[in-house]
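Just so it is clear, the model here is predicted, and its values are computed rather than measured.
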Amino acid sequence: MCKDIILTTTSAAVGLLLMLVVFGGSVQFVESAIGVNWGTVSNHRLSPSTVVDLLKVNKIQKVKLFDADQDCLRALMGSGIEVMVGVSNDLLAAVSSSTTASDLWVSQNVTRYMVRGGANIKYIAVGNEPFLSSYSGQFQSYVMPAITNLQQSLAKANLAGTVKLVVPCNADAYEASLPSQGAFRPELTQIMTDLVTFLNSNGSPFIVNIYPFLSLYGNSDFPQDYAFFEGTTHSVTDGPNVYYNAFDGNYDTLVSALNKLGFGQMPIVIGEVGWPTDGAVNANVNAARLFNQGLINHVLSNKGTPLRPGQPPMDIYLFGLLDEEAKSVLPGSFERHWGIFSFDGQAKYPLNLGNGLLRNAENVQYLPSRWCVADPFKDLSGVEEHVKLACAAADCTTLNYGGSCNGIGERGNISYAFNSYYQVQKQNSRSCEFDGLGMITFQNPSMGQCKFLVGVTERVVTKRISQGSRLHSGSVILWLLVFCWGVLNL
């Protein structure tokens, strides 16, 4: 299954938003688009074909993958949806050190899908946030050599003019106290100069991920209204410019950083931006709708930012499409609740991407309507270890402080944990035993905003494509190269 995918949809209601940008001296018109990440790090995964149907019904026209998952690419074949595939960070070392590895990667993940009626692959993302400060430079030295090798591999495949290389960056790659003072981190100055020079010469945009929610979550002094687009009493004055929201301020900080390198007109794409609906204070449905709709309206207004008036980003990709309840919660419990749709493709709140309100996934196949709860007639004094087991295998983050199920009481918490585990186990009757403390019920135990889920039964159905055995053998060879590279560098 695919892990993380990003999608974009073009506004039909307001017509085409055309932005004038400069690529290496040539002028091109680019259609602005609104996007959303599609992630499947989940124990309740819709089949890729169902998700592609969801994209179609919502008129989503572009997709970005953080890897090049075969099931996702097969489902996208013939859809006409523009695709960005990704080289994961753990492959950067091998791809940067070997043209054999880069040739194999392009062959098995790009060339073989770009056939008549195949996938419309437009971009390759070389790593994902490889300059993130918390990586302490782990991937930094691999990025430009990997780009060089991949560009050569694309040329060999006669795809260098068709498929473009990009590098999604975290917003921590640059810093400043005011937008006009924006500059890349000192240790990144040279590599960023090399990167944007390459991007400019090849007609590729700069991709950055911006999260005002994380600024609010990580700083108790951050003004809450400045995170949204509804106006603020905490505006930021920067010379002649005034900033009324964190997004514009962050974006223009990047514009200033690019300008300092001599690339002030570099096109920018927002790879990730969004607001979670659960798992933390300020992470709720109302805040998510307010932020995402405000952002969409802001971009589609064609207003731009103080440093780029009338020039919105090329594309903005909302994070995310579906909730991913198997993601790591190291950043916070909210990490599993970014979706504008719940895990089963049902819209969480009304949201207009520019072409009408979101429409739900159709023909989703659910498990039977039954739940596992704590037996009301049993002593639950010894239940703690069972709850730990259940929540280690399933998602219980909505029970945490600030979550939608935080106030359902001790017995409710136990029942929620039991049911979450029961659904992950596809309602296997033994998974509701818990040494006799659990019981199966056919009455929905949901309480108010706290929803007890029922899992889905969908399975991955893949399309057959020619030379099917080559994908498996190519993957094995590439991973052997990665392994050998690691051994030689111990």
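- Within 6.0 Å of the CD atom in Gln140, the count of heavy atoms belonging to other residues, nucleotides or ligands exceeds 12.
- With 3.5 Å as the limit, one finds a donor-acceptor pair spanning the side chains of Ser404 and Asp278.
- Residues Tyr226 and Val236 have side chains in contact (heavy-atom distance under 4.5 Å, counting atoms from C-beta outward).
- Note that OG of Ser256 is 9.0 Å distant from CD of Gln181, once rounded to the nearest 0.5 Å.
- Judged by distance alone, the side chain of Arg289 and the main-chain N or O of Tyr349 form no donor-acceptor pair under 3.5 Å.
- Taken to the nearest 0.5 Å, the CG atom of Asp344 stands 6.5 Å off from the CG atom of Leu46.
- Using modelled atom types and a 3.5 Å distance limit, the side chains of Tyr317 and Asn209 yield no donor-acceptor pair.
- Nearest heavy-atom pair across Leu300 and Gly354 is CD1-CA, 3.8 Å.
- Ring centroid separation for the pair Tyr211 and Tyr217 does not come in under the 6.0 Å cut-off.
- Atom CD of Glu384 is surrounded by 12 or fewer heavy atoms from other residues, nucleotides or ligands within 6.0 Å.
- Counted by atom type alone, Ser420 and Asp395 present zero donor-acceptor pairs between their side chains at under 3.5 Å.
- Side-chain atoms of Phe206 and Leu199, non-hydrogen and from C-beta on, do get closer than 4.5 Å to each other.
- No side-chain donor from either of Ser235 and Thr232 sits under 3.5 Å from a side-chain acceptor of the other.
- At most 12 non-hydrogen atoms from other residues, nucleotides or ligands lie less than 6.0 angstrom from CZ of Arg359.
- Under the 3.5 Å distance criterion, with hydrogens and angles disregarded, a donor-acceptor pair is assigned to the side chains of Tyr174 and Asn250.
- With rounding to the nearest 0.5 Å, the separation of CG in Asn419 from NZ in Lys451 is 13.5 Å.
- We find the OH-CG distance between Tyr421 and Leu389 to be 5.0 Å, quoted to the nearest 0.5 Å.
- Closest approach of Glu175 to Pro186, counting heavy atoms only: OE2-CD, 3.6 Å.
- For Lys164, the NZ atom counts as densely surrounded, since its 6.0 Å shell holds more than 12 non-hydrogen atoms of other residues, nucleotides or ligands.
- You'll find the ring centres of Trp275 and Phe228 inside the 6.0 Å limit.
- Phe418 places none of its side-chain heavy atoms less than 4.5 Å from the side chain of Trp371.
- Residues Ser134 and Glu129 are not in side-chain contact: their nearest non-hydrogen atoms beyond the backbone lie 4.5 Å or more apart.
- Other residues, nucleotides and ligands contribute at most 12 non-hydrogen atoms within 6.0 Å of the OH atom of Tyr244.
- A donor-acceptor distance shorter than 3.5 angstrom exists from the side chain of Asp69 to the backbone of Cys72, with no hydrogens or angles considered.
- Between Tyr251 and Phe247, the ring-plane angle classifies as parallel under the 30° and 60° cut-offs.
- Ring geometry for His298 against Phe229 counts as tilted: the plane angle lies between 30° and 60°, on a 0 to 90° scale.
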